Amino acid sequence: MSRVWTGGHSSPVLCAAVSCESAVATGAEAGELTLWSPAGSPLSSLRLSADVSGLCFSPANASLLCACHGRAVTLLDLRSLKTPLAELEDVAEDEINGVCVDESGRTLAAGDDTGAVTLVDLQLMKASGTLRTHTNICSSVAFRPRRPQSLVSAGLDMQVCLWTLPKPRPVWSVSLQDTQQEHTGQVFNPPLAHCVCVSSCGDVCVCAAEDGGLHLLRVCADGRLRERGMIPAHSQGASQAHFISFLSHPYWLASGGNDGRVALWDLSRHPLVEHSKRKRRTRRRQNTRDEDEEETTPRLCFQHAEKVNWVCPAVLEGKPSLLVTDQTNCPTVYPLEPL
C-alpha cells in the first residue's frame, strides 16, 4: 500500500535524495527544499533562489546535503538547515540539472544546460575545473563507486561519457542510438539521455532515455567499455533509473517514466551482467526464449498516477521503499516488502 507524504511543499516536487542514515530531502519548483523524517513528517524547510533541480548527500558525510538551483550549488548541514555552509553562486555556465559527490566527499560534479560538467572542490568550496564534450544539455552525472576519479555523464545529445578526473577529455563516449538500432522492427523516439546511474560494484551503468529504454553499459575495471544492451522498459520516455544498494545483490534497479510506470528490475538475470551469463551457459538451449522474457520483465511494477519526476530508493523505518515524485506537491512512497 502506497503512502502520500503531505505538508512539505506547495509546488511540484522535482527531485529527492536520501542519506545513509535515512534522512530524506526533496526539492521543488520555486526553490522549495524540505527535510523529512523517515515516517514522512516534514521537519524543516527553506527556500532557495530558483527551482531545486537536483539533490545529493555526500557519501562521506551523512549530514552534508548539496542542492542545485539555477546556476548555483548550496551546501547545507542537516543539523542547521536554515544556515547554509556555503552558497556557490554562478558556479556553472547555465542552469544545473543534476549533481553528485564522489565517495571521498571531496569533489562535486554538476551537469548544466550548455553540456558542460563543472567540478567543485568541496574542501576549498570553489570550482576546480570544467569537462566539455556534450553538444546538448548534460542532464545527469554519476561517480562510479569504488573507482576514484571515475565519472559518468549523459546528455540530450544522446551521448554517455566516461571521464577519469582530472583529464579534460573522456575515456570514451558512446551514442545511445547505436544500441537503439539493434532493436529492429520497432519505432522509437530519439534516445535522449535523461538519467544515468552506476551499480555499487562500479561495473554496470544504466541510462534512462526518451525512447523508453534502459540502456545498459558494462565497464571493465580499467574503464574500457565491454558490452552494451537495452531493456524496452517504458511506453513513453524513461525519466529515472537508480540502482538499489540495500537489496539482495547490487544489480536491483528502479526506473520511472513519463508513462507513470514505476518498475523494479533484477539485472542479475540480464545477459550483460557477467555472473548471469555464466549461469546461462549451464541452461539448456530450448529455454532461451523463456530466459530472455524473464530477463526483461520487471519483478515489481506500480502504475503511478502522474508522470514521474524522480525515483529514490530508501530504507524508511526499517522497510525497503521507493520514494517517487511527480507533478504534484506530494511525494509518494511505495513499499518493496514483497521482495
Side-chain angles (χ1 to χ4, degrees), residues 54 56 59-60 92-93 96-122 127-182 190-209 213-230 241-243 250-251 253 267 270-274 277:
C56 71
E93 299 174 1
I96 301 171
N97 300 298
V99 289
C100 62
V101 176
D102 72 341
E103 287 185 323
S104 72
R106 298 175 181 174
T107 304
L108 176 143
D112 69 32
D113 277 1
T114 69
V117 178
T118 300
L119 303 176
V120 177
D121 187 320
L122 293 179
S128 59
T130 304
L131 308 176
R132 304 178 193 275
T133 195
H134 291 287
T135 58
N136 203 327
I137 291 170
C138 178
S139 52
S140 184
V141 287
F143 279 100
R144 291 176 66 207
R146 305 184 183 183
R147 306 293 190 275
Q149 307 299 300
S150 189
L151 175 73
V152 183
S153 64
L156 300 193
D157 57 357
M158 299 175 282
Q159 300 291 315
V160 179
C161 305
L162 179 72
W163 309 81
T164 297
L165 308 183
K167 295 180 180 178
R169 295 187 179 184
V171 177
W172 47 255
S173 178
V174 297
S175 172
L176 298 185
Q177 282 185 308
D178 296 340
T179 307
Q180 184 192 63
Q181 289 168 0
E182 296 175 3
L192 312 177
H194 293 306
C195 179
V196 69
C197 62
V198 186
S199 66
S200 61
C201 297
D203 58 350
V204 177
C205 304
V206 174
C207 189
L214 299 174
H215 294 257
L216 283 60
L217 305 170
R218 186 168 178 85
V219 185
C220 296
D222 61 4
R224 289 181 295 121
L225 181 61
R226 179 175 178 180
E227 295 175 84
R228 303 174 60 174
M230 175 186 167
H242 295 277
F243 279 100
Y251 299 110
L253 180 84
L267 297 189
H270 193 280
L272 180 139
V273 178
E274 187 174 27
K277 292 185 73 175

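Only a predicted model underlies this, so the values are computations on that prediction, with no experimental measurement involved. Throughout, numbering of the chain's residues begins at 1 and tracks the sequence.
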query = Can you list the steps and then say if Val206 with Leu267 is a side-chain contact (heavy atoms from CB on, under 4.5 Å)?
reply = CA-CA 10 Å; Val206 174; Leu267 297 189; 3.9 Å; yes
task = Work out which heavy atom in Pro168 is nearest to a heavy atom in Leu131; give both atom names and the distance.
result = CA-CD2, 4.2 Å
key: For the student: nearest non-hydrogen atoms of Ser150 and Leu162, plus distance   = OG-CD1, 3.4 Å
task = Check Leu225 against Trp172 and note the closest heavy-atom contact, atom names and distance.
result = N-NE1, 3.6 Å
query = Minimum heavy-atom separation for Tyr251 to Val273, with atom names?
reply = CE1-CG1, 3.8 Å
task = Kindly compute the distance separating SG (Cys138) from CD (Gln159), expressed to the nearest 0.5 Å.
result = 11.5 Å
inquiry  = So His194 and Leu156, do their side chains get closer than 4.5 Å, heavy atoms only?
reply    = yes
Minimum heavy-atom distance Pro250-Phe243, with the two atoms named = O-CD2, 3.5 Å
note = Rounded to the nearest 0.5 angstrom, the NZ-CD distance for Lys167 and Gln149 is 11.5 Å
task = Report the C-alpha distance between Leu192 and Ser139 in whole Å, list the side-chain angles of each, state the deciding distance to 0.1 Å, and finish with yes or no for side-chain contact (heavy atoms from CB on, under 4.5 Å).
result = CA-CA 9 Å; Leu192 312 177; Ser139 52; over 6 Å; no
Salt bridge (Lys or Arg N to Asp or Glu O under 4.0 Å) evaluation trace for Arg218 with Asp203 = CA-CA 6 Å; Arg218 186 168 178 85; Asp203 58 350; 3.5 Å; yes
inquiry  = Val99 vs Val141, test: side-chain contact (heavy atoms from CB on, under 4.5 Å). Steps then yes/no.
reply    = CA-CA 6 Å; Val99 289; Val141 287; 5.6 Å; no
query = Side chains of Arg228 and Asp178: does their closest heavy-atom pair fall under 4.5 Å?
reply = yes
request  = Taking the side chain as every heavy atom from C-beta outward, state whether Val198 and Pro145 have any pair of such atoms under 4.5 Å apart.
outcome  = yes
ask   = Which atoms form the tightest heavy-atom contact between Trp163 and Ser153, and what is the distance?
value = NE1-OG, 2.9 Å
request  = Show the numbers, then the answer: is there a side-chain contact (heavy atoms from CB on, under 4.5 Å) between Val152 and Arg144?
outcome  = CA-CA 7 Å; Val152 183; Arg144 291 176 66 207; 3.9 Å; yes
remark   = When rounded to the nearest 0.5 Å, the distance separating CG of Leu108 from CG of Leu119 is 8.5 Å
request  = Report the distance from atom SG of Cys207 to atom CE of Met158, rounding to the nearest 0.5 Å.
outcome  = 11.5 Å
